[in-house]
**Student:** 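Next up is a structure, given as structure tokens.
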Amino acid sequence: MFAKAFKSEFFRISKMKSTYILPAVLVVIVLITNFIYMAVDLYGLMGFSREDVEAIQQMGTSAEGYEESFMSGFQAGINSTENMQADSEFVILGEGPFYDEAVSAIYTLDVGSLHEILLLAIFVGLYIGNIYSTGLDKNLNIFAGKRVLLYGVRMLMISLYALVLHVFTWFSSILSAAWMGAGVDLGIDKAFILYFLITWLLTIAFGSIVASMTHLTRSKAAGITLGVLLSAGLLSTIMSIASLMIQRKFDLDGSFNLGNYTVTQNLAVMNLDSDGHFVVRTIVCALVYFVLTYLSGLLVIRKRDIA
Amino acid sequence: MEDYLLVTKDLTKVYKETVAVQSVNIHIKKGSIYGLIGKNGAGKTTIMKMIAGLARPTSGSFEYTGFKGSEKEAFSRIGALIESPAIEPNLTAFDNIKIKCLAFGIGDKKYITDLIELVGLSGSGKKKAGKFSLGQKQRLGIALALVGDPDFLILDEPINGLDPQGIAEVREMLSRLNEERGITILISSHILEELSKLATDYAIIDYGRIVEESTNKELKEKCRDKIVIKTEKVSTAIPIIESLGFNDYSVVNDKTIHVFDRLSDITVLNMELAKAQIPVESIGIESSDLEEYFLKVTGTVPGERRKA
């Protein structure tokens with residue numbers, strides 16, 4: 001029964017235009033983003049030399065060097081103003097901040113930009129929303145007593161599509177490195193594989209949130225809107241205010257931030273150097289969101305009439 | 001005992017404060033074409049949804065017989081077209097059917113093309129279902145209901161939107177499916193004239209309750225032109241009726257007799273009953289088609305709707 005449901009859903013997805021358009025859009029967006037970070041001389045535009053930036057970065061990594069780095073940056077700013085005044089001509093294209101980074105580092109930039117989950121939200125909204133707009137499940141009364149199975153298969157399809165988008169992002173990162181970077185250094189190591197898997201898990205959790213909202217409201221618009229709001233960080237202000245309120249109410253230190261427990265922020269912030277504590281917190285977050293939204297969606301499906 | 005495919009027992013569905021279906025008991029015989037007659041909002045669709053496994057009854061139950069395993073297994077032997085056909089507008093008829101076929105484990109292309117041909121959509125080709133006419137959508141809905149060669153077909157207003165030729169074709173197709181494949185069919189329609197050409201059994205539903213359940217023969221009898229005699233002395237009246245040579249009559253209950261032949265002799269019959277000092281409450285000729293009968297049974301005056 002599982003295999004039959006899988007084949008049917010796979011065929012349905014294969015016939016959706018968005019299945020093909022969204023990865024293509026993703027590639028274009030990632031290439032444009034990477035063009036800005038790899039082929040546009042952002043530092044030069046700001047008047048920094050690469051040496052200035054490296055010095056700032058090195059000093060900035062230690063608490064002791066913070067003040068020094070700030071001063072260096074301040075000085076660099078003064079220099080840049082002078083330089084800009086001195087040079088009436090400047091070049092836009094050149095070596096961007098990620099010009100000579102490994103593909104794995106470019107990939108963290110691309111995943112952290114949240115384009116992938118934005119497009120995933122659109123896909124999930126359309127895929128799940130179509131069930132309600134067309135009344136598709138009325139045809140599948142064969143599964144009437146096995147709704148859990150059908151729900152599981154659909155979540156599996158979303159997870160697989162999230163993987164497809166994840167892989168497309170990676171290919172786009174490779175393509176960017178080849179076209180706009182110093183060369184292709186894949187940089188595949190343990191940290192990258194862990195990063196790839198955890199961010200995939202986060203993406204699945206995000207897909208589950210959107211799917212659950214779509215099931216709950218029976219509306220593709222509602223699911224997509226939520227996905228867009230979350231991926232565009234439009235709820236971050238609310239999250240910051242809520243964090244401040246919680247800090248005050250429970251007398252917590254300033255480091256407490258509700259955003260640390262959201263899928264989107266973890267996805268945006270996580271990188272190849274994230275420490276163990278961060279990684280564990282992220283995995284737990286992803287699992288909690290996935291389980292909660294999966295179960296709530298399931299509960300709704302089980303309780304509610306199909307038509 | 002009749003060989004029933006489906007029997008419902010006090011099937012009830014309540015939506016918030018609204019009772020959509022109340023204590024419905026219907027008995028669908030294997031191989032029959034069961035017509036469900038009722039006005040809009042009478043509860044026909046809700047009954048169909050419940051027995052197709054698409055909606056859960058609030059109370060009551062239904063039982064499928066002749067299927068292996070539980071009623072969940074029976075759902076896999078049911079084909080349903082309820083309310084509007086559930087179709088993906090961006091897909092062709094072929095692809096729409098294929099989605100359901102794959103869920104049933106059917107991967108044969110010929111199976112799909114045969115179904116398309118059966119419902120008369122062969123010419124639709126690569127046309128997207130969203131651009132189909134209402135009638136074509138209905139045909140596609142019927143084709144979808146037929147996927148998996150069901151034993152029981154539930155069709156909610158399947159001839160909606162079809163032109164007269166389309167209605168005749170669907171009627172002929174359903175008759176063939178019933179006769180050749182032995183498929184039991186539950187069908188609802190507003191076009192009672194059409195339903196009467198097809199159904200072997202009927203249930204009339206009004207305000208969520210079954211008002212009457214009868215066979216086609218019984219219903220035709222009720223709709224036949226007849227002399228209706230209302231009297232307290234039915235047993236005394238019978239010999240008089242027979243002595244006058246009326247052979248085709250039936251005793252409906254202890255106060256009513258229906259006489260079906262020689263309607264023009266109503267005056268003679270009335271006189272003879274009076275001569276025999278049989279008190280006749282009323283005597284008259286009644287004639288009605290299915291539609292009139294339906295309106296009478298549901299207490300609706302044509303052009304009016306009864307207040308809730």
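Labels below follow one simple rule: chain letters A, B, ... track the order of the sequence lines, proteins then strands, and each chain is numbered from 1.
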**Student:** Under 6.0 Å from the OH atom of A/Tyr161, do we count more than 12 heavy atoms belonging to anything else shown?
**Tutor:** yes
**Student:** Below 4.5 Å, heavy-atom pairs only: which of A/Lys15, A/Met1, A/Arg304, A/Lys17 has the largest tally toward chain B?
**Tutor:** A/Lys15
**Student:** Classify the ring geometry of A/Phe196 against A/Tyr107: parallel below 30°, tilted from 30° to 60°, perpendicular beyond 60°.
**Tutor:** parallel
**Student:** Contact part of B/Thr45 toward chain A, heavy-atom cut-off under 4.5 Å: side chain, backbone, both or neither?
**Tutor:** neither
**Student:** Considering only heavy atoms, which portion of A/Lys303 lies under 4.5 Å from any heavy atom of chain B: side chain, backbone, both, or neither?
**Tutor:** backbone
**Student:** Taking everything shown except B/Lys30 itself, do over 12 heavy atoms lie less than 6.0 Å from its NZ?
**Tutor:** yes
**Student:** Is any side-chain N of the basic residue among B/Asp156 and B/Lys44 closer than 4.0 Å to the acidic one's carboxylate O?
**Tutor:** no
**Student:** Answer with side chain, backbone, both or neither: which region of B/Asp95 has an atom nearer than 4.5 Å to a non-hydrogen atom of chain A?
**Tutor:** both
**Student:** Answer yes when B/Asp149 and B/Arg181 have at least one side-chain N-carboxylate O distance shorter than 4.0 Å, and no when they do not.
**Tutor:** yes
**Student:** Using a cut-off of under 4.5 Å on heavy-atom pairs, state which of A/Arg12, A/Lys7, A/Glu9 scores highest against chain B.
**Tutor:** A/Arg12
**Student:** Which atoms of B/Leu144 are under 4.5 Å from chain A, going by heavy atoms: the side chain, the backbone, both sets, or neither?
**Tutor:** side chain
